[in-house]
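Heads up: the structure comes next, in structure tokens.
All values below come from the heavy atoms of this structure, side chains included, with hydrogens, waters and symmetry mates left out.
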Amino acid sequence: MLRGMKGTIQALALLLPAVLLAACGTTRSVVVQRSSQSRSSTYEPSSRAQVSHASSYRVSKGDTLYSIAFRHGVDFRDVARWNGIAAPYTIWPGQQLVLRAPTSSRVPAPTVARAAPPPRAPAAAVKAPVRPPVAPASSRTVADAVPVAGVPASVPAPPPPAPPTPATGGTRSAGGVSWRWPADGRLIKGFQSGDAIPGIEIAGAAGSPVRAAGDGVVVYSGNGLVGYGELIIVKHNDDFLSAYGHNRKRLVKEGQRVSAGQQIAEMGATGASRDELQFQIRRNGNPVNPLDYLPSR
């Protein structure tokens, strides 16, 4: 009997370390797994979602509809339509704007049949007064327009004044705009569509004049767009905007009408590491290569 008990004790002594090792290994794997799941589900997916699914914007003080559309690379007319904003596109701080085309689940209202209108009297029953024929405007004479004593009826009316002759040299007509270079200086960076701030850069000295590249209206004058410094945006027509960044001083206000070649700012280095003009042209909200529109030098 003593020999049998001694054998049992030896067997238990051999099994005990194996059981303890198995228990320790199981505990360690559970802790690592819990820590890994908690970290991945708490931080990474939420941060990616905030970057890739932004479709709205809350208006801040100093924003305009044009600057918001410019910042997000969309057409200002689309932003106005999506948010039901009519010209002159007034917005206010705190307003939430939709920046993507909304998806509507509403079903169009059914068409309601209308009763036929009551019959009208025949057209022949109503007699219109007889009037003498009038000559076309292009062939009318001074006498036709305003009877003047002593002036023969055959004397033609004076032609309308001719439109002003566009300046030659240094301008280029494209997209309904007569474009000219916005600053003197050397082109130091060309257009790259994939850049965060797509445009061209023109070197110059601090205080050098920055001029409007075409006739238009100033729709933004401020410093609320990160990376642009003191910025001016000019609307030339419904299709084209131009932007002038990194200025030292802005010389025009929002709503002011400017002419091509008019000085609108002083060149500077706000938001940049050197004195330069960052110049952009946007067509329907999309950046385009300014060199396709500016005249050759």
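- With hydrogens and angles ignored, the 3.5 Å screen pairs a side-chain donor or acceptor of N247 with a backbone N or O of E230.
- Looking only at distances, no side-chain donor or acceptor of R283 sits under 3.5 Å from a matching main-chain atom of F240.
- Listed for the R172 side chain is a donor-acceptor partner under 3.5 Å among the backbone atoms of D292.
- Using a 4.5 Å heavy-atom cutoff, the side chains of I197 and Q280 are in contact.
- I281 has its side chain within reach of W179: a pair of non-hydrogen atoms, C-beta onward, lies under 4.5 Å apart.
- A salt bridge does not link K189 to E276: none of the charged nitrogens lies less than 4.0 Å from a carboxylate oxygen.
- In this structure the side chain of I200 reaches within 4.5 angstrom of the side chain of L294, judged on heavy atoms.
- Across every non-hydrogen atom of G175 and N237, the tightest pair is O-ND2, 3.1 Å.
- The one candidate from I232, L225, D63 that meets the side-chain contact (heavy atoms from CB on, under 4.5 Å) condition with Y220 is L225.
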Determine all donor-acceptor pairs shorter than 3.5 Å in which one atom belongs to a side chain in residues 64-71; sequence neighbours excluded.
residue: T64; atom: OG1; partner: Y66; partner atom: N; Å: 3.4
residue: T64; atom: OG1; partner: S67; partner atom: N; Å: 3.0
residue: T64; atom: OG1; partner: S67; partner atom: OG; Å: 3.4
residue: T64; atom: OG1; partner: V219; partner atom: O; Å: 3.4
residue: S67; atom: OG; partner: T64; partner atom: N; Å: 3.0
residue: S67; atom: OG; partner: T64; partner atom: O; Å: 2.9
residue: R71; atom: NH1; partner: Y57; partner atom: OH; Å: 2.8
residue: R71; atom: NH2; partner: G224; partner atom: O; Å: 3.2

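- Proximity of E266 to D275: side-chain heavy atoms (C-beta onward) are nowhere separated by under 4.5 Å.
- In this structure, R257 and Q262 approach most closely via the heavy-atom pair O-OE1, 4.3 Å.
- Between R297 and D184, no side-chain nitrogen of the basic residue sits less than 4.0 Å from a carboxylate oxygen of the acidic one, so the salt-bridge criterion is not met.
- H246 contributes no side-chain N or O that, together with a main-chain N or O of A269, makes up a donor-acceptor pair within less than 3.5 Å.
- The minimum heavy-atom distance between V98 and W82, with the atom names listed, is O-CE3, 3.9 Å.
- Checked by atom type and distance alone, the side chain of W181 pairs as donor or acceptor with a backbone atom of P295 at under 3.5 Å.
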